[in-house]
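Here the structure is a predicted model, which is why all the values come from computation and not from measurement.
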Amino acid sequence: MRIEDMITTGTLRSYGDQSPVKKMLHAPTMKLYVVKEEPLHNKEIRKNLKDWISFWQNKFANSNLHVQVYATFWNTPEGYVSIVMEYMNGGSLQNLLESMGFLPERSIKQLVPPILQGLQKIHQQGAQCHGALGPSQILFLRDGSVKLGQGLQYRVQVQGNQLFNSYILGKPKDVQSLYDPTILETPSLWSKASSEKVHFPAQEDFILERANDIWKLGWLVLNCAIGTLEFHPKAQLIYEGSRIIIEEIAKYTDQLKDTCCLLHSEAKIISLVESNQKIPSEPNKITILELLPSDKFSQEFIQFLCSTLKIDPRQRLYTEQLLQHPWLVGGREPKGPNVQLKELLNISNAWNAFLPEEFQGQGAQKLERLCDALCLVLQNSEKPTVNKMQLQENSPIIKELSYDMGLNSKAVSDRIVQIFQPFI
């Protein structure tokens, strides 16, 4: 695969570090990929990224739980690495939450097992953790399949350099997301735990970074259930409390002893932050638990959240234990509306479906620009491996292109076949 044979067909939204993410078509094979351009600010970041990408490619090739990485092009463009990845045509959980606001319990229950299984594989293969388990790193195919993204924003951090990390992870975004904790003025929930040794007893197989993965999973599930904490009057304090739990838990073992979890010890976390910041304490007008009413969420769901959001990281369940949690395997019907995850994805992605003929002008122009680019690239690339059957109107790539352009698939097929005629 050569980067010169790739044609940009669109730009995807990027979260966290704002690295460019492009949807690109590989002309000789007519396959769509995502290409992420990650900046290489120094040798440490280059090494971190190289090690993580190599680990991901070696351990998760052909995995149905992890987004595939096909190739890397270092210093292309200059100062960046271009990472060629699997194109997930159902978008991200971030997109879905921004379309829907929140998800019913049944859909969350369908979402969680593949995330846990993907996380379990990462932990079992020797990696310390995923690190960046957030809505933008949960990706879908249109059939409802769920895969984990690489979480590269965790790997570009430099341990101990908080100023540098805040620059990398805290850039202002063109479009803010209610579901990205970095919109609040706190250090990112993607941040790494301190490199100092944990100063409390723990069993030999305990790894703090993995326990923090479970905490971030809990945040993810909570975001799915309630949408956003933006309207919570003490959201800022809760996010700061979460930062303390991830980064500085060893310093606060005395203050946070005899606590349960974020849901059942919310007042104690807020009180700790108020004390640290010398803020006058005021009664809570609403709690997180009150945002999870019993007519919409089962008791088993609340217990699952509690298991992931334990304040003491040693008390958080491992991925193996969570996969056997009664909420996932108990067989009890979830509460709330009977809506499948695939149905929500169809609704969320329906905005760019086939357009009436009078509104197809922009799509037709986009098709012509693509055909011009194909002509140019094919003249200077390897012989195409695609055949006419793969360019028919019912083929996956033609369907995908017609979907993106809002055009009839037969019209797209006919035009693309014309372009490839001299080459195949």
Step by step, work out the salt bridge (charged side-chain N to carboxylate O under 4.0 Å, His left out) result for Lys47 and Glu44. CA-CA 5 Å; Lys47 183 182 184 304; Glu44 184 177 351; over 6 Å; no
Open item on the list: Apply side chain to side chain donor-acceptor pair (under 3.5 Å) to residues Thr287 and Asn284 and explain how you reach the verdict.
Closed with: CA-CA 7 Å; Thr287 65; Asn284 277 2; over 6 Å; no
_Under 3.5 Å, is there a donor on one side chain and an acceptor on the other for Gln57 and Trp52?_
no
Residues Arg314 and Asp312 bridged, charged N to O under 4.0 Å:
yes
Of all heavy-atom pairs linking Gln390 and Ser395, the shortest is O-OG, 2.9 Å
- Would you say Leu65 and Leu148 make side-chain contact, with heavy atoms under 4.5 Å? no
Are the side chains of Tyr87 and Met24 in contact, using a 4.5 Å heavy-atom criterion? no
Notebook entry, point to check: Is the distance between the ring centroids of Tyr239 and Trp219 less than 6.0 Å?
Noted result: yes
Notebook entry, point to check: If only atom types and distance count, is the side chain of Asp213 paired as donor or acceptor with the main-chain N or O of Cys129 below 3.5 Å?
Noted result: no
Checklist entry - Going by atom types only, do Asn276 and Tyr252 share a side-chain donor-acceptor pair under 3.5 Å? => result yes
* Do Val339 and Leu103 touch side chain to side chain, with heavy atoms closer than 4.5 Å? -> no
Quiz item: cation-pi between Arg2 and Phe73, 6.0 Å / 45° = no
* **Under 3.5 Å: donor-acceptor pair, side chain of Ser265, backbone of Leu262** => no
Shortest non-hydrogen pair, Leu32 vs Lys23, comes out as CD2-CG, 4.1 Å
In this structure, CD1 of Ile269 is separated from CD1 of Ile244 (nearest 0.5 Å) by 9.5 Å
Any Leu119 side-chain heavy atom under 4.5 Å of Ile214 side chain: yes
Regarding Glu274 and Ser281, do their side chains bring together a donor and an acceptor under 3.5 Å, going by distance alone? yes
Taking atom NZ of Lys335 as the centre, does the number of heavy atoms from other residues, nucleotides or ligands within less than 6.0 Å exceed 12? yes
* Pair Lys109 + Glu333: basic N to acidic O under 4.0 Å -> no
### Query
How about Thr308 and Trp215: do any of their side-chain heavy atoms sit closer than 4.5 Å?
no
Practice prompt. Establish, yes or no, whether a centroid distance under 6.0 Å links the rings of Phe55 and Phe60.
Written response: yes
